[in-house]
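From a predicted model like this one, the values you see are computed outputs, not experimental measurements.
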Amino acid sequence: ENLMYFGQLKGLRAGDVKPRAERLLTELGLWERRHETVGSFSRGMQQKVAVSAALITDPPIILLDEPTIGLDVEAARTFKNWIQHLARDENKTIVITTHQRELAAPIADWVLELFHGPTLAFKDFALQLLGRLFDRVLAERGERITIVGATSGDTGSAAIAGCRGRANMDIFILHPWGRVSEVQRRQMTTVADANVHNIGIDGSFDDCQALVKALFQDQPFREALHLSAVNSINWARVMAQIVYYVTAAVALGAPDRAVSFAVPTGNFGDVFAGYAACRMGLPIERLIVATNRNDILARFFASGEYRVGEVTPTISPSMDIQVASNFERLLLDLHDGDGRAVVRDMAKLRDDGGFRVSARSLEKARRLFDGHRVDESETKAAIAATYRETGWLADPHTAVGLAAARLRHDPRQPTVTLATAHAAKFPDAVAAAVGIRPEAPPRLAELARLPERCARLKADFGALKDFITKHARLGQGTTVI
């Protein structure tokens, strides 16, 4: 009767509501108990009935605010598994917010899931926008561009998804050969559109990034092929990412209270978007820079020294970076807008492998930033503990953020960890931590059956220029100098 009343309250006809209510209650095993009061059910079953009531109205999205409060660990896990199956079977988007301070587990208060785009990574947010912005402006101007980017895993597939098939651009994505996950590689190399070109580089991500920067510094080449960037050095990407910091903070009480964010990062672009949001007035208490063993950023915020080390492969490969391309933007502010000081620091980085900022600049950075290094064992432990306590599977990158957030936990204010990728993109690492493989969305499962297309080059600037000139539509007929 309550379900019927709720449906009619929302303007639905009784004849439409009754079969839905009967089906949902039958699936819950409650049809035979339909005459009982809801108060006689367990807390977990009461929550399921409440969700069923919401489904009566056939909404496109359902937001459940702390639905597992009051449930024991096993009941919470059962409820969340039920929600996952329900979302799939009913083809609904169901968003769960959790704020479980009572759990003594290495998890943040909140997780912001940013992996629901076409490539299941946070970079879809910005790159789906960027591809459309490029297409519209180029069509209006009657121009064409050649996009060149480097990826440590997720940027490449997200950039390709945003630019594939677009008439006014060719896209060339470099990735370190053998140093991205199979899923990440296949998300790029199985795209058959003629304007998409994948290049595996024999080297590290830093080698790929250095090649891309060298291309943009070659002015004749840049102008001849109308080069443009999709890496986070493109300001439009940072601009788009600012939005989800604001959205999350406002949802948790901003501007009336401050919020902290834990950000797994290697290239400093995602966390710089949080810094930009703070500069715009968003009340952010702390930005927790979470790194894996490639910890140049964590070392900087600890000591003030920015010094390159060897790139070490990890189970969070998108963060296997030693030179963060967006860090220069923060340096500019730490040097009070003195661009010449930034140039001097970058020259020392190139010539000597590192530099040190003044005590004043370091103190300025520490007013907002904390840096934390999370090793492989801590990453696996965070995946396991999060699953054990909540039933939620974190990918290795998100787990780095969760572990760092725990180290900086402050019970007086909310901390949000940015969940940057779907766990199914890193099934081996997740399985090693918890003993189960995350269920792959259908679009990932299809990748294994598709043919791959990728060129392999040495980390050689001349060879890369030749390849791009030969295959870019703007480059055909162009002489490389």
Side-chain angles (χ1 to χ4, degrees), residues 64 68 73-74 76-98 100 103 105-108 110-125 152-154 157-158 161 180-188 190 264 290 292 313-320 374 376-403 405 417-450:
L64 305 179
T68 57
V73 171
E74 186 58 36
R77 181 181 302 167
T78 300
F79 178 80
K80 288 189 175 182
N81 288 338
W82 176 75
I83 284 292
Q84 291 175 357
H85 289 291
L86 184 69
R88 182 188 62 208
D89 296 342
E90 299 288 333
N91 194 27
K92 301 294 181 189
T93 297
I94 301 179
V95 179
I96 298 177
T97 63
T98 59
Q100 300 181 350
L103 295 179
I107 60 173
W110 300 84
V111 171
L112 182 62
E113 293 186 351
L114 299 172
F115 50 71
H116 295 288
T119 70
L120 306 179
F122 79 97
K123 297 176 182 182
D124 287 322
F125 267 90
S152 55
D154 289 329
S157 57
V180 299
S181 76
E182 181 180 3
V183 170
Q184 289 175 315
R185 187 191 75 243
R186 286 184 174 274
Q187 282 188 313
M188 296 184 287
T190 58
N292 61 20
T314 71
I315 60 173
S316 48
S318 296
M319 297 159 60
D320 292 348
V374 178
E376 300 288 85
S377 62
E378 292 169 320
T379 302
K380 293 175 184 177
I383 297 173
T386 302
Y387 181 69
R388 182 175 62 250
E389 299 293 347
T390 71
W392 188 80
L393 282 174
D395 89 286
H397 305 78
T398 302
V400 170
L402 290 167
T417 293
L418 271 53
T420 53
H422 194 291
K425 296 190 74 170
F426 305 92
D428 294 338
V430 173
V434 298
I436 62 171
R437 295 180 72 83
E439 184 177 352
R443 60 182 178 273
L444 281 191
E446 294 171 0
L447 294 177
R449 298 191 294 270
L450 297 175

Quiz item: What's the verdict on side chain to side chain contact (heavy atoms under 4.5 Å, CB included) for Tyr387 and Ile436, showing C-alpha distance, side-chain angles and the deciding distance?
Solution: CA-CA 11 Å; Tyr387 181 69; Ile436 62 171; 3.5 Å; yes
Quiz prompt | Check against side chain to side chain contact (heavy atoms under 4.5 Å, CB included), Leu450 and Arg186 | solution = CA-CA 8 Å; Leu450 297 175; Arg186 286 184 174 274; 5.8 Å; no
Practice problem: Check step by step if side chain to side chain contact (heavy atoms under 4.5 Å, CB included) holds for Trp392 and Val111. | Solution: CA-CA 10 Å; Trp392 188 80; Val111 171; 3.7 Å; yes
Practice problem: Carefully, step by step, assess Leu444 and His422 under the rule side chain to side chain contact (heavy atoms under 4.5 Å, CB included). | Solution: CA-CA 11 Å; Leu444 281 191; His422 194 291; 5.6 Å; no
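Nearest heavy atoms, Ser157 versus Met188: N-CG, 3.5 Å. Across all non-hydrogen atoms, the minimal contact from Pro313 to Asp320 is CA-OD2, 3.5 Å. Scanning both residues, Pro264 and His397, for their nearest heavy atoms gives CB-O, 3.1 Å. A pairwise comparison of heavy atoms in Val430 and Ala423 identifies CG2-O, 3.8 Å as the closest pair. Minimum heavy-atom separation, Pro441 to Ala424: CD-CB, 3.8 Å. Nearest heavy-atom pair across Ala399 and Ala394 is N-CB, 4.3 Å.
For Arg437, the side-chain hydrogen bond (donor to acceptor under 3.5 Å, both in side chains) partners at least two apart in sequence or on another chain are Asp428. In this structure Ala290 satisfies the side chain to side chain contact (heavy atoms under 4.5 Å, CB included) test together with Val400, Ala404, sequence neighbours excluded.
Expressed to the nearest 0.5 Å, how far CG of Leu120 lies from OG1 of Thr420 amounts to 12.0 Å.
At least one side-chain heavy atom of Asp124 sits under 4.5 Å from a side-chain heavy atom of Pro118. Within the 4.5 Å cutoff, the side chain of Met319 has no heavy atoms near those of the Thr314 side chain. Contact check for Glu182 versus Leu447: no side-chain heavy atoms found under the 4.5 Å cut-off. No side-chain heavy atom of Phe426 sits under 4.5 Å from any side-chain heavy atom of Ile383. In this structure, Thr379 and Asn292 have side chains that are not in contact, with every pair of non-hydrogen atoms separated by 4.5 Å or more.
Among Asp154, Thr119, Asp395, the single residue meeting the side chain to side chain donor-acceptor pair (under 3.5 Å) criterion with Lys425 is Asp154.
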